[in-house]
Amino acid sequence: MELEQIWGNVVAMLAEEISEVSFNSWIKPVKAVSITDSEIVLCVPYGVNRNMIMTKYFSLIESCLEAVTSKKRSIEVIVSEDVEEKPVNNESSLNPRYTFDNFIKGKSNELAYVAALAVAESDSPAKAYNPLFLYGGSGLGKTHMLHAIGNYYLENYPDRKVLYTTSEKFTYELVSAIREKTNQAFRDKYRKVDLLLIDDVQFFAGRELAQEELFHTFNALYEKDKQIVLTSDRLPAEIPQIEERIRTRFSSGLPADVQPPEYETRMAILKSKLQSEYLEVGDEIVAFIAENVKSNVRELEGAVKRIVLYAGLKRTNRITLELATEAIADLMKTQPKRRITPQVIISEVEKYYMLPGGSLISKKRSNDVVLPRQVAMYICREILDNPSFPKIGESFKRDHSTAMHGVDRIRKELGDNPDLRTAIDEIITNIKRD
Ligand code: ADP
Ligand code: MG
């Protein structure tokens with residue numbers, strides 16, 4: 001008998017023996033890899049599956065196998081995650097794991113998602129969408145979307161050329177190309193593509209050589225009507241140390257933001273990730289996790305991983321509230337509810353504008369400090385519990401009239417500067433994040 005046939009018979013017997021839910025969760029994902037006279041090797045997708053097989057189904061499988069083949073064999077269970085991660089596509093550097101299919105759409109990423117899909121589906125770039133500029137905080141799915149665009153595009157247009165890179169890789173390759181005198185090969189690589197995807201362009205800040213090269217790459221692609229998609233943790237206007245002509249290029253298409261996932265999206269993401277781990281988790285427990293892990297999707301994934309781990313240790317696939325609490329206790333600890341004080345606001349504003357700590361309470365009155373300082377005053381007034389002007393002024397080592405003037409100036413400016421509104425909203429999100 002062939003391996004496939006043997007395993008098929010074993011599976012048929014197992015289906016008679018155990019409940020449908022258990023069968024679907026634990027037996028279905030099992031693949032038989034090889035068989036010898038003494039041993040059968042089985043492969044499962046995750047560690048938790050292996051644990052379940054070893055603890056609950058081992059002897060059952062053993063006896064079914066013996067019944068089918070009339071021979072006693074030992075069973076080896078390996079985890080495929082460790083064995084065969086899907087390889088990254090060499091030519092395009094695209095990671096096949098990141099697709100639109102496994103990306104959860106929600107209010108927080110809707111605009112970016114729709115724009116990304118539009119770009120991925122279109123066979124030539126619409127001027128209005130070129131470049132598509134995806135921006136937002138860390139762990140919110142920008143890299144995932146970038147790969148998804150490339151993968152989807154290649155599916156539709158298999159003959160086209162797609163290239164994924166990061167600003168750091170681009171810079172590194174450029175420097176190597178100059179050193180090894182392979183500039184032309186470098187240029188060809190980046191200028192002869194139909195779709196160029198560059199991740200984390202904020203790291204071009206201060207790298208003049210790379211910016212120069214990027215500028216020409218951009219122009220070459222534009223001239224040929226090729227699509228460019230960029231990601232960044234902030235808007236072009238807020239990337240420091242970047243040439244004006246690059247900033248203009250970055251801003252000339254469609255900027256689309258990704259926000260931290262709101263409650264419903266967190267629920268949906270958690271459910272989808274738990275399901276792909278074959279875990280049975282009640283809605284109230286998913287809700288518990290969604291209420292306690294908020295800042296970004298990477299952390300939600302971390303929570304799921306921890307729950308898988310704990311489920312494995314406890315040899316169960318029924319996740320109780322107790323187990324979930326235990327599993328994510330550390331994660332919850334790292335998100336202490338910090339009390340919002342003027343100091344917290346000041347330090348978040350400094351971080352956002354990439355200013356050295358202490359700049360806002362210093363005596364400095366240069367332009368790069370004055371606006372952030374007034375923004376911080378405005379935010380104090382907007383979100384603190386008891387924001388009197390003398391109190392705000394005091395936090396900045398200034399008097400109440402300076403605080404009043406600062407808040408007033410921002411309020412006026414907000415009227416005709418939507419970018420400022422975006423910036424302030426983003427800072428407030430950062431402040432409330434943890
Ligand atoms: P960023 O590049 O914005 O820092 P990533 O794209 O690296 O974030 O996302 C972090 C992790 O979260 C990745 O594993 C990604 O697959 C996952 N992720 C982010 N957003 C979503 C989403 N909406 N649906 C499913 N998975 C997501
Ligand atoms: Mg990223």
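Because only heavy atoms are used, hydrogens play no part in the values below, and waters and symmetry mates are left out as well, while side chains stay in. Remember, it's 1-based here, ligands and their atoms both numbered in the order they're listed.
The closest donor-acceptor contact from the side chain of Gln211 to the backbone of Gln241 lies under 3.5 Å.
Residues of the protein with a heavy atom under 4.0 Å from ligand 1 are Tyr98, Asn102, Phe103, Ile104, Asn109, Gly137, Ser138, Gly139, Leu140, Gly141, Lys142, Thr143, His144, Ile269, Lys273, Val297, Arg298, Glu301, listed by chain and number.
With sequence neighbours left out, the side-chain contact (heavy atoms from CB on, under 4.5 Å) criterion links Glu322 to Thr320.
Figure legend: cation-pi geometry between Arg373 and Phe396 absent, as NZ or CZ is not positioned both under 6.0 Å from the six-membered ring centre and within 45° of its axis.
Contact detail for Ile340 and Leu384: the closest heavy-atom pair is O-CD2, 3.5 Å.
For the Mg ion (ligand 2), the N/O/S atoms of Thr143 include one lying under 2.8 Å.
Each of Lys224, Lys226, Lys161 was checked for a salt bridge (Lys or Arg N to Asp or Glu O under 4.0 Å) with Asp194, and the lone residue meeting it is Lys226.
Between the CG atom in Leu214 and the CZ atom in Arg207 there is a gap of 12.0 Å [rounded to 0.5 Å].
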